[in-house]
Amino acid sequence: MKMILLMYLEDDDATVRRLLEKEGITGYSAMPLEGHGGGAPGWYGDVPTFRSRMAFAIVEPSRAEALLEAVSTCTGCADPTHPIHAVQVDVEKATASLASP
C-alpha cells in the first residue's frame, strides 16, 4: 500500500476533489493547514501564512502511480506560483480496530 499526501492552497480544493474523483479515489481525508513559505516581506516584515490544505489517501501502488502522474500534469491552479504538491509514502503495515457489535 502507498499513502499519497497532497498539499495545496485552499482555493484549489475543488480541483483536488475532481482530481481524486477522476482517479477513482473515493476514500480520503483532508484538513486545513497553515502554510509557511518564502516571499517578499509583508508590511510588518513577516510573510503572511497561506490558507493551505492537505488531503491524504492510502491506495494500491498502481493507483498511487496514476495519481502522481495526474498531479504532475494538472493545470489550472488558482495561483500558479503555488502548485499542488504530491508525496508518496510506503505503508509498511496497517491495521484497524475491531467493529463494535
Side-chain angles (χ1 to χ4, degrees):
M1 301 296 282
K2 306 289 183 182
M3 178 184 286
I4 301 295
L5 304 167
L6 300 170
M7 295 169 286
Y8 53 95
L9 291 180
E10 189 176 87
D11 292 341
D12 289 319
D13 198 44
T15 301
V16 169
R17 281 196 316 263
R18 284 192 301 272
L19 186 68
L20 291 167
E21 183 178 295
K22 182 180 175 209
E23 294 305 316
I25 298 173
T26 57
Y28 64 93
S29 297
M31 67 181 87
L33 295 174
E34 185 177 279
H36 298 266
W43 182 257
Y44 296 103
D46 293 325
V47 175
T49 58
F50 301 103
R51 292 182 343 267
S52 301
R53 293 189 55 81
M54 181 174 68
F56 58 95
I58 298 175
V59 297
E60 295 294 328
S62 61
R63 193 162 308 274
E65 188 63 35
L67 180 55
L68 288 174
E69 178 63 27
V71 169
S72 73
T73 61
C74 184
T75 60
C77 290
D79 179 351
T81 64
H82 291 90
I84 298 166
H85 296 276
V87 177
Q88 177 180 301
V89 179
D90 289 335
V91 177
E92 196 171 314
K93 287 184 178 185
T95 191
S97 61
L98 296 175
S100 299

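The two residues R17 and D13 come nearest to each other via the heavy atoms NH1-OD2, 2.7 Å. Counting all heavy atoms, side chain and backbone alike, M3 lies closest to V91 at N-CG2, 3.7 Å. Heavy atoms only, all atoms of each residue included: P80 and P83 are closest at O-CD, 4.1 Å.
Interatomic distance, F56 CZ to L6 CG, rounded to the nearest 0.5 Å: 11.0 Å. Note that the CG atom of D11 and the CZ atom of R53 stand 11.5 Å from one another [nearest 0.5 Å]. For the atom pair CG of L19 and OH of Y8, the computed distance is 10.5 Å after rounding to the nearest 0.5 Å. Here the straight-line distance linking atom CD1 of I25 with atom CD1 of I58 works out to 11.5 Å at 0.5 Å rounding. In this structure, CE in M54 is found 8.0 Å from CE in M7, a value given to the nearest 0.5 Å. To the nearest 0.5 Å, the span separating CD on Q88 from CD on E65 amounts to 6.5 Å.
Between the D79 side chain and the T81 main chain, a donor and an acceptor come within less than 3.5 Å of each other.
No single ILVMFWY cluster, assembled from side-chain heavy atoms under 4.5 Å apart, contains both I84 and M31. V87 and M1 fall within the same hydrophobic cluster, where Ile, Leu, Val, Met, Phe, Trp and Tyr residues are linked whenever their side-chain heavy atoms come under 4.5 Å apart, directly or through other members. Transitive grouping of hydrophobic side chains (ILVMFWY, heavy atoms separated by less than 4.5 Å) keeps V89 and L68 in distinct clusters.
Between C77 and the options T15, V16, D12, L9, a side chain to side chain contact (heavy atoms under 4.5 Å, CB included) holds for only D12.
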